[in-house]
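In what follows, a single structure is set out as structure tokens and then discussed.
Note that the structure is a prediction, hence the values are computed from the model and not measured. Just so you know, these numbers use all the heavy atoms, side chains as well, and skip hydrogens, waters and symmetry mates. Residue numbers begin at 1 in each chain, while the letters A, B, ... track the order of the sequences.
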2 protein chains.
Amino acid sequence: MKQPTICPKFEKAISLLSQRWTALVIYQLLSGSQRFTEIQSAIGISGKVLSDRLKDLEHQGVVKRDVIPETPVIIEYSLTKKGYSLEPILREIESWSQLWVTPETELS
Amino acid sequence: MKQPTICPKFEKAISLLSQRWTALVIYQLLSGSQRFTEIQSAIGISGKVLSDRLKDLEHQGVVKRDVIPETPVIIEYSLTKKGYSLEPILREIESWSQLWVTPETELS
DNA sequence: TATACTTACTTACATAAAGTAACTATCTAT
DNA sequence: ATAGATAGTTACTTTATGTAAGTAAGTATA
């Protein structure tokens, strides 16, 4: 055990972002509040997993769920302040991808 | 279901980084080239998954595997230029985690 | 020589996570 | 009455990950 242990806060952040679909859901919500099926069709996630992720992100304070009392009722998901604070990370990934993701690696 | 509207390069980058352990392995290698067991003990990953990840990252051109012909042979893993180019992303995650990961969310 | 230890893995098996499709319940439009 | 949308849930299958043990080459100790 000679190696320094990785910072638990960093590890927690990584475990959030490296859960499948999570970063994509947050990225999608960066463009504004959206409904369940909008997110679903935009990123191609299954209803089951999206449901899980949104619940999880809501618990973590990243996403907010609003029930808008129209007829029929509209349920809107949006980012909290904490959620928007992740934007610089997503933008870094975005610009990295434009520079470094080549057609060949896209096929792998 | 409709076609996903997200940029394929971005999606590819996300699928790389949101694979479990990948970001942590890259982060670990930011501090310099390391051997298999060093990475393993530093981040607490199983040999099987580390083996998978390193092969995958090598294939993606992110990690380089060097065999150093000493006795016994030493196998060193390091980041390529492409690998180091991910540093800003990891640093963003690092600073985000310091600001936003609270003790409560650590327990979830 | 025999035994143990290290490194860099692989293999077999068990469990957890994700994908798929169908289903529910409420409301709206035709 | 029938069909379609919305926001999910449920049951089942497939894939990914975790755990533990094993392998093969080499070193060190007794």
Could you check how far NZ of A:K55 sits from C1' of D:dG8, rounded to whole Å? 8 Å
Nearest-Å distance for atom pair CD/P, residues A:E38 and D:dT6: 9 Å
Can you confirm whether A:I75 sits close enough to A:D66 that some side-chain heavy atom of one is under 4.5 Å from a side-chain heavy atom of the other? no
For nucleotides 25-30 of chain D, which of its nitrogen or oxygen atoms have a protein nitrogen or oxygen under 3.5 Å away, and what is each distance?
none

Using a cut-off of under 3.5 Å, enumerate the N/O to N/O pairs linking the protein to nucleotides 19-24 of chain C.
from   : atom 1 : to    : atom 2 : distance (Å)
C:dG19 : OP1    : A:W21 : NE1    : 3.1
C:dG19 : OP2    : A:W21 : NE1    : 2.9
C:dG19 : N7     : A:K48 : NZ     : 3.2
C:dG19 : O6     : A:K48 : NZ     : 2.6

Side-chain contact test, heavy atoms from C-beta onward, threshold under 4.5 Å: evaluate it for B:C7 versus A:Q98 and give yes or no. yes
Write down the distance between CD (A:E58) and C1' (D:dG8), rounded to a whole number of angstrom. 14 Å
Winner on side-chain proximity to A:I75, out of D:dT17, C:dA8, D:dA7, is D:dA7
Return no unless some side-chain N or O of A:R35 is found under 4.0 Å from OP1 or OP2 of D:dG8. no
Contact under 4.0 Å: A:Y77 side-chain N or O vs D:dT6 OP1/OP2: no
How many Å lie between CD on A:E70 and P on C:dT28, as a whole number? 11 Å
Taking only residues two or more places apart in sequence, or in another chain, which ones meet B:E76 in a side chain to side chain donor-acceptor pair (under 3.5 Å)? B:S33
Starting at CG of B:D56 and ending at P of D:dT15, how long is that distance when rounded to a whole Å? 17 Å
Within this structure, what is the CD-to-P distance between B:Q40 and D:dT19, rounded to whole angstrom? 12 Å
Please tabulate, for side-chain N and O atoms in residues 45-57 of chain B, each donor-acceptor pair with protein atoms closer than 3.5 Å (sequence neighbours left out).
from  : atom 1 : to    : atom 2 : distance (Å)
B:S46 : OG     : B:V49 : N      : 3.3
B:R53 : NE     : B:R20 : O      : 2.8
B:R53 : NH2    : B:R20 : O      : 3.2

Test salt bridge (Lys or Arg N to Asp or Glu O under 4.0 Å) applied to B:E94 and B:R91, step by step: CA-CA 5 Å; B:E94 202 172 34; B:R91 297 298 172 213; 3.0 Å; yes
I need the minimum non-hydrogen distance between B:L24 and A:F10, along with the two atoms involved. CD1-CE2, 3.9 Å
Could you check A:D52 against B:L54 and say which one's nearest nucleotide on DNA chain C is further toward the 5' end? B:L54
Contacts of type ring-ring contact (aromatic ring centres under 6.0 Å, His included), residue B:Y77, not counting sequence neighbours: none
A:I74 CD1 - D:dG8 C1' separation (whole Å): 16 Å
Test item: A:T80 side-chain N/O and A:K64 main-chain N/O as donor-acceptor pair under 3.5 Å: no
With sequence neighbours excluded, residues passing side chain to side chain donor-acceptor pair (under 3.5 Å) with B:W96: A:S85
On DNA chain D, nearest-nucleotide positions of B:R53 versus A:S51: which is more 5'? A:S51
Please report, rounded to the nearest Å, how far the C1' atom of D:dT17 is from the CG atom of B:L24. 15 Å
